[in-house]
Amino acid sequence: MAAVLESLLREEVSVAAVVRWIARSTRGSEDNPGEAAALSSLRPLRKEFVPFLLNFLREQSSRVLPQGPPTPAKAPGASAALPGRPGGPSRGSRGARSQLFPPTEAPSTAAEAPLARRGGRRRGPGPARERGGRGLEEGVSGENLPGAGGRRLRGSGSPSRPSLTLSDPPNLSNLEEFPPVGSVPPGPTGRTKPSRRINPTPVSEERSLSKPKTCFTSPPINCVPNSQPSALDTSPWGLGLPPGCRSLQEEREMLRKERSKQLQQSPTPTCPTPELGSPLPSRAGSLTDEPADPARVSSRQRLELVALVYSSCIAENLVPNLFLELFFVFQLLTARRMVTAKNSDPELSPGVLDSLESPLFQSIHDCVFFAVQVLECHFQVLSNLDKGTLKLLAENERLLCFSPALQGRLRAAYEGSVAKVSLAMPPSAQAVSFQPETDNRANFSSDRAFHTFKKQRDVFYEVLREWEDHHEEPGWDFEKGLGSRIRAMMGQLSAACSHSHFVRLFQKQLLQMCQSPGGAGGTVLGEAPDVLSMLGADKLGRLWRLQERLMAPQSSGGPCPPPTFPGCQGFFRDFILSASSFQFNQHLMDSLSLKIRELNGLALPQHEPSDEDGESDVDWQGERRQFAVVLLSLRLLAKFLGFVAFLPYRGPEPPPTGELQDSILALRSQVPPVLDVRTLLQRGLQARRAVLTVPWLVEFLSFADHVVPLLDYYRDIFILLLRLHRSLVLSQDSEAKMCFLNKLLLLAVLGWLFQIPTVPEDLFFLEEGPSDAFEVDTVAPEHGLDAAPVVDQQLLYTCCPYIGELRKLLALWVSGSTGRSGGFMRKITPTTTTGLGAQPSGTSQGLQARLAHAFFHNQPPSLRRTVEFVAERIGSNCVKHIKATLVADLVRQAESLLQEQLVTQGEEGGDPAQLLEILCSQLCPHGAQALALGREFCQRKSPGAVRALLPEETPAAVLSSAENIAVGLATEKACAWLSANITALIRREVKAAVSRTLRAQGPEPAARGERRGCSRACEHHAPLPSHLISEIKDVLSLAVGPRDPDEGVSPEHLEQLLGQLGQTLRCRQFLCPPAEQHLAKCSVDLASLLVADQIPILGPPAQYRLERGQARRLLHMLLSLWKEDFQGPVPLQLLLSPRNVGLLADTRPREWDLLLFLLRELVEKGLMGRMEIEACLGSLHQAQWPGDFAEELATLSNLFLAEPHLPEPQLRTCELVQPNRGTVLAQS
Amino acid sequence: MILTKAQYEEIAQCLVSVPPTRQSLRKLKQRFPSQSQATLLSIFSQEYQKHIKRTHGKHHTSEAIESYYQRYLNGVVKNGAAPVLLDLANEVDYAPSLMARLILERFLQEHEETAPSKSVINSMLRDPSQIPDGVLANQVYQCIVNDCCYGPLVDCIKHAIGHEHEVLLRDLLLEKNLSFLDEDQLRAKGYDKTPDFILQVPVAVEGHIIHWIESKASFGDECSHHAYLHDQFWSYWNRFGPGLVIYWYGFIQELDCNRERGILLKACFPTNIVTLCHSIA
């Protein structure tokens, strides 16, 4: 491999030829025969070239890049590991991808070939500037310095491994060699530096670990993130740096001197100089950085060549991860200083500059020069980064010095960019709302299952709330805190149907909480967004949380983080792990798969280039938003599907090898995939929907275990993905096939996938990619989703937050801070709620359907969406309407039929099942009306809706066609449902009504019946029933005793009480049946106590018994209440219960006249029948009484019975004599 | 009537082992004239119930029941008209109605072939005339009308109070023109947990979004509030989002700590309700 590079460096072969040679298996016809010959001899080594190149660059740069964020290929300690379990010991080592480059090749010297003539195929426009470079001859540390491009592909067999040279350590105090940043020697352009922004305030937690005071003044020694202890072991880069630090004072002094010097030396600076007012600390922070000077670049030509080859490899997607390379380049650009190795070999002669024998990067100037060379070739990618990154790039003084042209273009790109990326904000927990359609009793197999699920829902949210409260507390452990509760809850899920219910809740909650980080949340995909959730949870709470997050450090695992479950996703992951229920996992996988299929198949609107401009803009925002929602949901679901599906196979142990691996492979190849992702991928590629399918597939695969890529099934997928990756050449003008940002998204996610530890390292490089043969047979129309501008920077960065590392790197450079993940103040742009358009009705047959399609073809996509949406909603509303009208009527009929049945058949009413059958057979035929009614409904409702939603200016003909189509589609939908389900619906509703009626029949038949409301004039000012019951209860308790001697009631109070009772009974507003029943019962008790003269009276002194007349007046009031005001039954027979009559037994002398009076009045008012009273009196005789009492009772009985059934006047005369008779009775 | 925890505890302190009679209530009202009677009664009732829950077990051992029954029998033999059962209950610090139930159960066990069902007992307590023994019937009745914390009458009063406040709340909602679904409508639709009212269009109260309103005609003390949170309020939140609880008889101020989380407490119908304006885009 080195031979190739060397022959390149010796200009024996052209860059283009080399790239072609690498990229194509077959030789390109345009190849120069000589070149071809030179390269063909190297053919067996062809695929090892790129890894070699990458390793070479990483190693070359190892002296410059110990600082700043490392570029790990595969961060060790992957947090996708099972929580609570120690990470595998192998994880760290695997992260380095050390076996990637098998030590096979031998030094090749055969690469003697004719000279190259042409430049790179796709090289950047900037011609190499001819400026002499003065190389700082420094040695390369032979140490394995991590962080240098991180992904150190160790070419162990490489003969030309850069040898070590040594020169003096950089003399930092030499201000000529190390002028402070900002005083870069005159550059070609004379523009002034963009004004300095305020430095981001680092709020990293890690910051507190390093000494804050030394931050500004000295290079950090410990800049290895704590999360990567393995890297720490091999990180001696602090060696060359003085561990001590100058005092801030000292540096300020230096700075001051330097500035004055600078002013003297260059009175008219043509290169960026700091403005006078620029804040000192930030400058001080970068004081220790080496400045880069284009004039001092050594071996410029060599650098240009390598940069060109490297850029071409990147452009051709020959490198696994585009953004990782960019990150590396940015690192070079922002490298602060060269590290001098102590142990460099002094014997090596730094003579041969044009071979690989001498270090490629001999100084910071070289690094920056190289970086800028590469960046020039990738302007297009850069210009598509977010605005923040562009700004930082455009303001980078090194870039300005080394390539003002590029800087100018970047600046222009920045100014034209609208790609503001707002950072994700975590939606606060909001519950999935209860939906009767799926959640009510009818959806459960049994009452028990229904109630169990009810409890589970509550436990689930309880657990969620607890997690929200505690998960950020140190020392809190999910499993310890919640594990047992979760398992207990899962244990209750006995029925399979309960599992599916719970899984539905789980999945919805997952989508709601994690799906759209930038969205307002709440809108669950595939569900109609309901008003409740759209208005949303407490926004204030969310804002509050947001504020909290503002100060939180950004957590990101570098440019290639392992798959993680950030934020609330962690809850769901831990829940799955803690639940450890295979039923749950299975149901979850089923449900996730279903939803993925559904969303993946969603007919997202397709780009129609012929759209009128203005309108399409507005429309596209909606389309993009919709696409983003779908894509993010899919990624989330796929991630969890991958997590659960591969969970049983993942473990901390190293991947199996040898025979063990073979047997595992044999076994695993039998297992069908949880979701047929291969087919979905193939279809996605065919339908040109890679931009939708691939990103979620990547999420799914990122959780695969080590065996998965070895299985034929998945290997096919990886090969497809590799070919796709290779085909996504950004510079190719293939917008018609795929938009630039779509490509960029795919490259980013694929690049990330290729860095996942479980993806075999050789897969990328060893795969013989017939890349030019990657042409899928597309069945899709010319413009698939891939060609639509569905991806914007917001989505790109949301899907690939690691791209943001580029910005961090630049920002770190600016701030002079070297903390690994300093938090930056972030600007948050609130985003709006996303709404999901309609799904296609999917039913289209016949000529009419084809005509409809044709109609939509030349209309803006919004029209189609509107019509489909209206049809979908009206169809659905139609069904609801039928339920509420026709079916409800039938149910009412059923109820009255049932009542009749019950009356004719007596209380029993017969067998409920039989009753139901009879009713259904009578009523179900009426269901046939539903279709006609439904048709009428759709006809009536659809046109108005379409009209309201379409632009006013829609031509009349278009409008009427749209209306008609909407009517047709709505009718089709509604009628299809109705004809299939109406009978079942009627049955179900009637059944519910029957059981309701029968239940109501049961315990309290008296409670039913007609109830009168209050009179119209009633103002509901009557005393409250509860108050009256309470008052009467007090009277009763006084009467029954025990009581203090001074306790009693006044007759007026009693009268008032009964008056109030009347008012209350006449105002029905607050009266409920149980209260009325108790009032009735209490009034009867009160009457009995009155009759027995048991009520202690307070009144004019010493009068402790109620006057007869008063008592009678009160009884009259009661009688009138019973007669007129009680609407429920009054238990009057209790007046003659042994207990109440027995009250009389205690009075001496006994007075029966009131009782007799009462009985007569009862009969007279028709409150009780004579016969009834006779029966009661008769049964009284059976009770045991004291002898004299029984006699008197018998007399009363006889007296009552003896009275003839006389009309009213005679009764009145009776009444007149009554007192005497009573007295007689009492005295007898 | 929102009380601080300290105020509440001062009242609760006065209620330790006070029998649930009308005399006790009268004294309590004299002691705290500034508090509303309903609040005091509610607190009293809750405190007493807590006390009974704590001591319930010791009255239900077979030895205790036997000893109570014997004391009852001895008492009524001496004088059937004396408040034997009521005095017994007060003496052993147990609710009179519950004591009546205990003795009635024991009595029926002795006099009937089979153990009495719960519904029979309840029915006899509601209407003591059904009790076969006249003396016991009177004793039971006396216990029930003299108990202001337990018994069918008290239950009915509590139920009525709850109902009345729901009606009140409904009227207020109608008056404010806020459309809602009530419990019955929700149940008919098959909701598994139903607050008193779900607003069809949410409103904001003191900056908090309200989807549902629950009326509680009682005082919100720690114990009952936590039980309600667990059994009802969080369940509503889980299904319908944030909401409002009205404790008509007040609550302990410190309990209103879940506002941010989505449960707002008030002691009356809120005055400043912000509704969704349809004019905004």
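The sequence lines fix the lettering, A, B, ..., with proteins before strands; numbering per chain opens at 1.
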### Query
Of all heavy-atom pairs between Lys1033(A) and Ile157(B), which one has the smallest distance, and what is that distance?
CD-CD1, 4.1 Å

### Query
Roughly how far apart are Asp1034(A) CG and Leu25(B) CG, rounded to 0.5 Å?
8.5 Å

### Summary
Exactly one of Pro1025(A), Ser1026(A), Cys1072(A) clears side-chain contact (heavy atoms from CB on, under 4.5 Å) with His159(B), and that residue is Cys1072(A)

### Task
Against chain B, label Leu1024(A) side chain, backbone, both or neither, depending on which of its atoms sit under 4.5 Å from a heavy atom there.
both

### Query
When you look at NZ of Lys454(A), are more than 12 heavy atoms from neighbouring residues, nucleotides or ligands closer to it than 6.0 Å?
yes

### Message
Nearest 0.5 angstrom please: Gln1077(A) CD to Cys156(B) SG, how far?
### Response
8.0 Å

#### Entry: Side chains of Ser1030(A) and Val154(B) in contact at under 4.5 Å (non-hydrogen atoms)
no

### Task
To the nearest 0.5 angstrom, please state how far the CG atom of Leu1134(A) sits from the CG atom of Asp127(B).
4.5 Å

### Task
Answer yes when Asp458(A) and Arg239(B) have at least one side-chain N-carboxylate O distance shorter than 4.0 Å, and no when they do not.
yes

### Message
Among Gln142(B), Glu164(B), Glu166(B), which residue has the highest count of heavy-atom pairs closer than 4.5 Å to chain A?
### Response
Glu164(B)

#### Entry: Max heavy-atom pair count under 4.5 Å with chain B, selected residue of Leu1143(A), Leu1038(A), Ile1032(A), Leu505(A)
Leu1038(A)

### Task
Working to the nearest 0.5 Å, report the span between NE2 of His1078(A) and CG of Asp155(B).
8.0 Å

### Query
Is a side-chain donor-acceptor pair under 3.5 Å present for Gln1069(A) with Asp171(B)?
yes

### Query
Hey, are the side chains of Phe460(A) and Asn238(B) touching, using non-hydrogen atoms and a 4.5 Å cut-off?
no

### Task
For each of Asp1085(A), Leu1028(A), Asn1140(A), Asp1044(A), tally heavy-atom pairs with chain B at distances under 4.5 Å, and name the one with the top tally.
Asp1085(A)

### Message
Taking side chain as everything from C-beta outward and backbone as N, CA, C, O, which of these in Arg170(B) sits under 4.5 Å from a heavy atom of chain A? Side chain, backbone, both or neither.
### Response
neither

### Message
For Ser1037(A) and Ile144(B): C-alpha separation, side-chain torsions, deciding distance, then whether side chain to side chain contact (heavy atoms under 4.5 Å, CB included) applies.
### Response
CA-CA 8 Å; Ser1037(A) 72; Ile144(B) 286 167; over 6 Å; no

### Message
Main chain of Arg126(B), side chain of Lys1081(A): is a donor-acceptor contact present, judged purely on distance under 3.5 Å?
### Response
yes

### Side-chain touch Tyr461(A)/Trp234(B), heavy atoms, less than 4.5 angstrom
no

### For chain A, the option from Gln130(B), Arg22(B), Lys193(B) that forms the most heavy-atom pairs under 4.5 Å
Arg22(B)

### Task
Check whether Ser1137(A) gets within reach of chain B through its side chain, its backbone, both or neither, counting any heavy atom under 4.5 Å.
side chain

### Task
Report, as yes or no, whether the 6.0 Å neighbourhood of atom NE2 on His230(B) holds more than 12 heavy atoms from other residues, nucleotides or ligands.
no

### Query
Would you call Pro1042(A) and Leu86(B) a side-chain contact if the rule is heavy atoms closer than 4.5 Å?
yes

### Query
Are any of the side-chain heavy atoms of Arg457(A) and Ser235(B) separated by less than 4.5 Å?
no

### Message
I'd like to know if the side chain of Arg465(A) and the backbone of Arg261(B) have a donor-acceptor N/O pair within less than 3.5 Å.
### Response
no

